[in-house]
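Working notes for the structure below.
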Amino acid sequence: MNAALEALKERGFLQQCTDLEGLSKLMDEGPVTFYEGCDPTGPSLHIGHMVPYFAMRHMHAAGHRAIVLMGGGTARIGDPSGKTTMRQIISYEEIDANTKRFLAQIDNFLRLDGKTMFSDNNKNWLADLNYIDFLRDIGRHFSVNRMLSFEAYRQRMETGLSFIEFNYQLLQSYDFLQLYKRHGCRLQIGGDDQWGNIVAGIELIRRVEGAECFGLTFPLVMTSDGKKMGKTEKGAIFLDPAMTSPYEFFQYWRNVTDADVERFLLMFTFLPPAECRELGRAKDAGINQAKERLAWEVTALIHGKDEADKALAAAKAAFGGAAAGDVSQIPSKILARAELGKGMGVLDLFVYSGLVPSKSEARRLVQQGGAVVNDRKIEDEKTVVDTGWLDAEGALMLRAGKKRVFRILTD
RNA sequence: GGGGAGAUUCCCGAGUGGUCAAAGGGGGCAGACUGUAAAUCUGUUGGCUUACGCCUUCGAAGGUUCAAAUCCUUCUCUCCCCA
């Protein structure tokens, strides 16, 4: 098998390929242009988006040409694949703004050079599409019977599928065709939920252009306990530091399940496969170090080494005991000293920190024994905290349970 | 166009006049056990309140009633069947 594909396989990226042998041969012959598309439907990329971009980096490093396609056009509609409900329709302005942010984040990670790695936007050919022409030239190649047999649509038949969503596959197929014509793109990569759309695109190109193209999908990464990867209760883990702080980002990886360590190291870092496997094999204290490594590596890739160092220092301060790390890196907020001087109820203090959303929740926390201020467990919800509680640095260390830490600083 | 079913707290889903902030499950949070893991067990899970209690919530708006998630009217949306 082609070396680049072999490398992807070794790292656990390969899920399905339309013709692995054929693709391997093509890649052996020389640089292959490939693309991955993503619809800018939110303000930031999240971890779930990243699998294809990691794969892209590996492939680009092996000499192939990568196209990052922004679905500025398709975002106006919504992809029904793998969804149970219709996507929220968002405004064109919002899509454009999202596109800019996505591209900035992608560029930060991939370093688009404009030649061997560049972006395009399907808005360029979809926005002003003529409906009649599209039906004549493209629509006639699609069999509704066939489309209905796809799992993605079949599921939605139960709950309802609007006509515009039903068209998504045609548009994505058309994208592939356009990229083939404009950039000589021969391969589309993506998450496995895109399989049906990718195959449809390949077929369209075969019919219209008589050319053979390829599709390659990656596993939809789930955590070992069956949850969607990169999701927490609060929502997705975003790349935007304003939405998910580097510290939270780091902690997400730091708290990954043992069984996921090796897999995630392989997919979300560039450490050599042998090292990933070795780290993943560790037990007890060792596996914790491996998680720390995983967290640092991924954080460094996304937010830079400085941020990764800071996050690590904060984590050590929060969990490693007293002087193990740098407390200044723990998430914090400033409270006026004068305000605290008047005395503040612990419940209000916890609400102020944002560790809990309401006083009721704060009360529950105290009652259940999860509220700690400066290593002192709060037993009474009526406890009043004042400046006398401040530590040497004039700060308060708040803990909600064992995992959530917050510092209150004073001016 | 005709007929039928439905919209419940984060999700699924019970609930057909007071005993409903609303069963059960999932998820979350906290505690125990640990390794900042998993599994397991326990508690908890609208807001304000020390508490009595008060306020907001059962698609939307009105109405009946001492009292409504539950009854009536109109509206919005979803699904199914027939044309």
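Values reported hereafter were calculated over all heavy atoms of this structure, with side chains retained and with hydrogens, waters and symmetry mates removed. Reminder, nothing fancy here: chain letters follow the sequence lines and each chain counts from 1.
Contact check on R136(A) versus D133(A) returns no salt bridge, with no Lys/Arg side-chain nitrogen under 4.0 Å from an Asp/Glu carboxylate oxygen.
Across all strands shown, nothing is found opposite G35(B) as a Watson-Crick or G-U wobble partner with both distances under 3.5 Å. Shown here, U44(B) forms a base pair with G28(B); the pair counts as Watson-Crick or G-U wobble because both key distances fall under 3.5 Å. U76(B): Watson-Crick or G-U partner is A7(B), with both key distances under 3.5 Å.
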Report, one line per pair, each donor and acceptor closer than 3.5 Å where one atom sits in a side chain of residues 283-290 of chain A; sequence neighbours left out.
{"unit_1": "N288(A)", "atom_1": "OD1", "unit_2": "R254(A)", "atom_2": "NH2", "d": "3.4"}

Return a single string for nucleotides 41-51 of chain B, one symbol per nucleotide in 5' to 3' order, where B is base contact, S is sugar-phosphate-only contact and - is none, cutoff 4.0 angstrom on heavy atoms. --BSS-SSBS-
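For the residue pair E248(A) / Y252(A), no side-chain donor-acceptor distance below 3.5 Å is found, with atom types taken as modelled.
In this structure, V256(A) reaches the sugar-phosphate backbone alone: every heavy-atom distance under 4.0 Å involves primed, P, OP1 or OP2 atoms, never a base. Nucleic acid contact for A315(A): base, since at least one base atom lies under 4.0 Å from a heavy atom of the residue.
Checking A37(B), A32(B), A30(B) against every side-chain atom of R404(A), the shortest atom distance belongs to A30(B).
On a pure distance criterion of 3.5 Å, no polar donor-acceptor pair joins the side chain of K316(A) and the base of U36(B).
Residue K403(A) places at least one side-chain N or O closer than 4.0 Å to OP1 or OP2 of A37(B).
Atom OH of Y247(A) and atom P of U36(B) are 13 Å apart (whole Å). Residue D258(A) contributes atom CG, which lies 8 Å from atom C1' of G35(B) at whole-angstrom precision.
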